[in-house]
Amino acid sequence: MNAGARPEVTADLAVTVVNQVAVVTLDRPAKLNALTRAMRRDLAALLRHYGDGRQVRGVILTGRGRAFSAGPELREATGPAAIRTARTGRTAGTAGTAGAAGAAGTTGTAGTTGTAGPPGTAGTTGPPGTTGTTGTAGSGSSTPMDLSAEMDLFNAVTLAALAAEVPVVAAVGGLAVGGAAGLALSLDARVGTAHAAFAWPENGLGLTVSNAASLFLPRLTGGAQALRLVMEGARVDALRAWRLGLLDELVGPDDDLVPAAVRLIHRWTPPGSSAAAHLRLLRPSPHAVRRAMRRERAALARAVPPA
């Protein structure tokens, strides 16, 4: 195998080659490996580079720390979608949060100042019988969220993985949320530890699933289970994920996660194998994946109409 020039990537991605397998690590543990736009662009470039079949026998995508990935980095963007998602507690710098229940008709108290967010918007006064809070100004700068563009950045990573001539495996050692969970499902296999978990919170946030999750989730779990997972948005722990087919292998010690994924790739790609041909035959067709992505984009436009 002849090594080509690797693309330059953001410092938030760590890349190594272990036993002829490229290991790409999401390396923002303090931010639960939330994927910035640059990270998503660079992930697609790395998958195109290593996926050509001449560099390595396979690619592993994993995350450092206690999360696989919390999804897109919402601190880069504001707007209705970012504000909704902030209710999960993953972002700051939006309006002050709702106060606890209080005496009827009392006036909300001041909210705290967010960090690294846009200029804060005014908080709302609590309804009768509750204590509302007034949001205070946030700090920092950001740009409006273009939901279609955000989806396109995720979709580009998924399409690059599906075009690879080598297996692409997710090594999941923590929580995978929303678009990141969808990305993991689009890969050829998922190996996880007892700390692995998945969640699709989009329904409760007024958003829709993405990354062709509307295709991959029912393909793995069956339509009825997929619908329940999305509609309820509950966290799926490792054992349930394995039983549902979201994880292909569960490994014991956390430090065996990446080695287990390497071993899987080696089993799939013995010398002289026709692995690339079978990946093309058994992966969903590019037409079906792109169709699912178009349907998801249209569904999102209906759920969150442009301002």
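The first residue of the sequence shown is numbered 1, and numbering continues consecutively from there.
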Check: Would Glu73 and Arg28 pass as an ion pair if we require N to O under 4.0 Å?
Finding: yes
Check: Can Val289 be reached from Leu217 by stepping across I, L, V, M, F, W or Y side chains whose heavy atoms are under 4.5 Å apart?
Finding: yes
Next item on the list: For the pair Asp52 (side chain) and Arg54 (backbone), establish whether a donor and an acceptor sit closer than 3.5 Å, ignoring hydrogens and angles.
Entry: yes
In a table with atom names and distances, give each donor-acceptor pair under 3.5 Å that connects a side chain of residues 162-169 to protein atoms at least two apart or in another chain.
unit_1, atom_1, unit_2, atom_2, d
Glu165, OE1, Arg280, NH1, 2.6
Glu165, OE2, Arg280, NH1, 3.1

Notebook entry, point to check: Does any non-hydrogen side-chain atom of Phe198 lie less than 4.5 Å from one of Leu247?
Noted result: yes
Note to self: Under a 3.5 Å distance rule, please check whether Ser285 uses its side chain to pair with a backbone N or O of Ala288 as donor and acceptor.
What the structure shows: yes
Next item on the list: Please confirm whether the backbone N or O of Ala184 pairs with a side-chain atom of Arg190, one donor and one acceptor, at under 3.5 Å?
Entry: yes
Notebook entry, point to check: Any ion pair linking Asp152 and Arg297 (charged N to carboxylate O, less than 4.0 Å)?
Noted result: yes
Notebook entry, point to check: With distance as the sole test, does Thr62 use its side chain to make a donor-acceptor pair with the main-chain N or O of Ala171 at under 3.5 Å?
Noted result: yes
Next item on the list: Report yes or no: does Asp248 contribute a side-chain atom to a donor-acceptor pair with the main-chain N or O of Val191 at less than 3.5 Å?
Entry: no
Check: Side-chain contact, heavy-atom cut-off 4.5 Å: Leu43 with Leu61?
Finding: yes
Checklist line | Donor-acceptor contact present, side-chain Asn203 to main-chain Met231, <3.5 Å | finding: yes
Notebook entry, point to check: Can any side-chain N or O of Glu296 pair as donor or acceptor with the backbone N or O of Ser214 at less than 3.5 Å?
Noted result: yes
Note to self: Under a 3.5 Å threshold, yes or no: a donor from one side chain and an acceptor from the other, between Asn211 and Thr158?
What the structure shows: yes
Next item on the list: Check whether any side-chain heavy atom of Thr193 sits under 4.5 Å from a side-chain heavy atom of Leu250, and report yes or no.
Entry: no
Next item on the list: Linking directly or through intermediates, with side-chain heavy atoms under 4.5 Å: list the remaining ILVMFWY members grouped with Leu279, chain and number order.
Entry: none
Notebook entry, point to check: Would a distance-only check, ignoring hydrogens and angles, find a side-chain to backbone donor-acceptor pair under 3.5 Å from Arg57 to His266?
Noted result: yes
Note to self: Treating Thr36 as the side-chain partner and Met39 as the backbone partner, does any N or O pair qualify as donor plus acceptor under 3.5 Å?
What the structure shows: yes
Notebook entry, point to check: Less than 4.5 Å apart, any side-chain heavy atom of Val59 and any of Leu47?
Noted result: yes
Next item on the list: Using a 4.5 Å cut-off on heavy atoms from C-beta on, say whether the side chain of Leu26 contacts that of Leu35.
Entry: yes
Margin query: Under the rule for side chain to side chain donor-acceptor pair (under 3.5 Å), what residues qualify as partners of Asp188, not counting sequence neighbours?
Written below: Arg283
Next item on the list: Determine yes or no for a side-chain-to-main-chain donor-acceptor pair under 3.5 angstrom, with Arg64 supplying the side chain and Thr25 the backbone.
Entry: no
Notebook entry, point to check: Within a strict 4.5 Å, meaning less than it, do heavy atoms of the Leu175 and Leu32 side chains meet?
Noted result: no
Notebook entry, point to check: Below 4.5 Å, heavy atoms only, C-beta onward: do Arg6 and Tyr50 meet side chain to side chain?
Noted result: yes
Checklist line | Within-4.5 Å side-chain heavy-atom neighbours: Pro284 and Leu215 | finding: yes
